[in-house]
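Throughout, a chain's letter reflects where its sequence line sits, starting with A, and its residues are numbered from 1. All of these numbers come straight from a predicted model, not from anything done at the bench.
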2 protein chains.
Amino acid sequence: METYTEKTQVHVAAEQIRTLILDGTYRPGQPLRQEALSERLKVSRTPLRHALQSLAEEGLVETVGFKGARVARPDPNMVRDLFDMRLLLEPLALKSAVAHHTKLDFARAEMALDAADTERDPHRLSQRNWEFHHALYRPSDRPTLMRTIEQLNRASAFAEAIAKSIVIRSEKSAAEHRELLEACRNGDMDGAILHLTKHLQLAYHDIQNLEY
Amino acid sequence: METYTEKTQVHVAAEQIRTLILDGTYRPGQPLRQEALSERLKVSRTPLRHALQSLAEEGLVETVGFKGARVARPDPNMVRDLFDMRLLLEPLALKSAVAHHTKLDFARAEMALDAADTERDPHRLSQRNWEFHHALYRPSDRPTLMRTIEQLNRASAFAEAIAKSIVIRSEKSAAEHRELLEACRNGDMDGAILHLTKHLQLAYHDIQNLEY
DNA sequence: GTTTCCATAATTGTATCCAATTATGCAAAC
DNA sequence: GTTTGCATAATTGGATACAATTATGGAAAC
């Protein structure tokens with residue numbers, strides 16, 4: 001019987017910091033001092049630095065030379081770029097996946113939707129949203145493509161959290177998600193891709209109008 | 001007078017390991033023991049671990065729980081996914097950039113081409129290739145898009161190094177590059193995008209036929 | 001009053017040591 | 001002969017101490 005460990009302090013620290021940032025506790029541009037964070041998260045500075053570096057490569061924090069780490073500040077262009085890329089890549093993932101969709105995938109997607117309905121915490125809400133998209137994309141069995149798409153979704157979640165659009169448009173998003181799921185259930189690939197495209201465009205539009 | 005430091009041991013260690021991997025010194029799947037690497041690079045294990053993590057998020061090495069790090073093993077699907085994505089994203093970057101191209105950009109691109117002509121080291125050759133593409137994409141002034149494209153190019157360079165196609169098709173690649181540059185110089189956007197697309201498709205094709 | 005310079009403090013990066021986890025090998029049981 | 005179990009070694013993760021770098025503040029010069 002093989003046993004998995006995986007729970008290294010780096011991951012839990014990264015997850016906690018991620019939550020603090022997406023909750024708005026730490027605002028964009030705010031410096032993240034290692035000693036203070038170390039004390040707050042009850043973790044030594046060594047794994048903390050690893051976590052900060054991980055978040056830096058994820059795009060959530062910026063880290064410079066010997067100056068330290070700050071919460072990243074998303075610019076409007078970033079939002080445009082992210083959605084331009086998602087509009088190109090996610091339809092490809094969906095297209096590759098529809099032929100391999102199973103009832104289990106649909107069940108997973110629906111579970112994520114139901115969980116999202118009763119969720120008000122921004123971070124967990126964005127997690128549910130990703131779980132939904134992930135359930136529909138994953139059957140494509142293209143991990144490299146998935147990896148990039150997940151990165152873009154994480155960054156989008158950050159931008160949406162800043163603009164507070166995640167919670168504001170959660171009902172609209174839920175409706176769009178259910179339409180997309182229904183099209184997938186009916187095996188309507190073209191319709192599904194159309195719904196996905198529309199969903200992304202609407203999300204982009206709403207973020208644009210909220211952020212300054 | 002402000003002075004920049006930036007030269008942290010993590011970066012130099014990461015760069016050295018990157019070179020060792022792309023040179024073929026460390027083969028895919030080979031375990032990377034911290035103590036041995038620490039001794040080889042004359043660096044403590046702490047910054048070394050950071051470098052390994054950085055390379056892991058870059059996709060060059062795989063790192064699991066308490067088991068350690070290994071050189072990543074690219075699968076054929078990864079190559080397909082990478083080029084599918086590049087074929088979607090790089091034309092967008094080029095399209096956004098052509099309107100802002102200056103003589104300086106063309107000069108930079110040509111300098112990269114000339115440097116590539118006399119370069120046989122795989123790692124440096126792939127660096128030159130990226131410098132060329134970077135020179136043509138950068139005027140788009142879309143850093144978030146550039147960031148993702150650079151990640152994909154790094155991963156592609158890894159796959160090409162494994163398949164040894166970087167050096168093998170270097171002359172072909174150079175010719176394609178010069179055609180692309182010429183189209184950009186003439187302000188022929190459609191032609192440039194066509195050349196870029198063809199270039200990526202040919203590179204993909206040649207890798208496919210070389211890897212097993 | 002402003003600027004420059006230097007000393008000091010605050011903060012990050014690195015090295016070393018210890019703890020936790022995993023891999024290895026051998027003996028005993030069946 | 002194979003397998004199970006445990007003891008030991010090898011390796012990674014984490015905590016602490018130290019070194020390097022940057023930021024801060026105040027005095028002196030103009």
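In terms of the salt bridge (charged side-chain N to carboxylate O under 4.0 Å, His left out) criterion, B:E57 has no residue partners (sequence neighbours excluded). Remark: A:D117 engages A:R178 in a salt bridge (charged side-chain N to carboxylate O under 4.0 Å, His left out) (not counting sequence neighbours). Under the salt bridge (charged side-chain N to carboxylate O under 4.0 Å, His left out) criterion, A:R128 pairs with A:E131, sequence neighbours left out. Remark: A:H101 pairs with A:L94, A:A97, A:V98, A:D105, A:F106, A:L136, A:P139, A:C184 by the side-chain contact (heavy atoms from CB on, under 4.5 Å) rule, at least two apart or across chains. Looking at residues two or more places apart in sequence or on another chain, you find no salt bridge (charged side-chain N to carboxylate O under 4.0 Å, His left out) involving B:E35.
When distances are taken from the side chain of A:R33 to each of C:dT11, D:dG14, C:dA15, the shortest belongs to C:dT11. Taking only side-chain atoms of B:V10, from C-beta outward, the nucleotide of C:dT14, D:dA23, D:dT12 with the closest atom is C:dT14. Considering only side-chain atoms of B:V43, the nucleotide from D:dA23, D:dG13, C:dA15 that sits closest is C:dA15. When distances run from any side-chain atom of A:F66 to the nucleotides C:dA15, D:dT16, C:dG13, the shortest one goes to C:dG13.
Not one side-chain nitrogen or oxygen of B:T46 sits closer than 4.0 Å to the OP1 or OP2 atom of C:dT16. For B:Q34 and D:dG13, the shortest distance from a side-chain N or O to OP1 or OP2 is below 4.0 Å.
In the model, B:E150 has no side-chain atom that pairs as donor or acceptor with a side-chain atom of B:H134 under 3.5 Å. With no hydrogens or angles considered, a side-chain donor-acceptor pair links A:Q53 and B:H50 at under 3.5 Å.
At the heavy-atom level, A:R45 lies under 4.0 Å from base atoms of the strands shown.
Residues of residues 48-59 of chain A having a heavy atom closer than 4.0 Å to DNA chain D: none are found.
If you measure from atom NZ of B:K67 to atom C1' of D:dA10, you get 15 Å, rounded to the nearest angstrom. At whole-Å resolution of the value, CZ in A:R70 and P in C:dT12 are 11 Å apart. Going from atom CD of B:E39 over to atom P of D:dA10 covers 15 Å, rounded to whole Å. When rounded to the nearest whole Å, the span between CD of B:Q9 and P of D:dT21 equals 10 Å.
If A:E35 and B:K42 are placed on DNA chain C by their nearest nucleotide, the residue sitting closer to the 5' end is A:E35.
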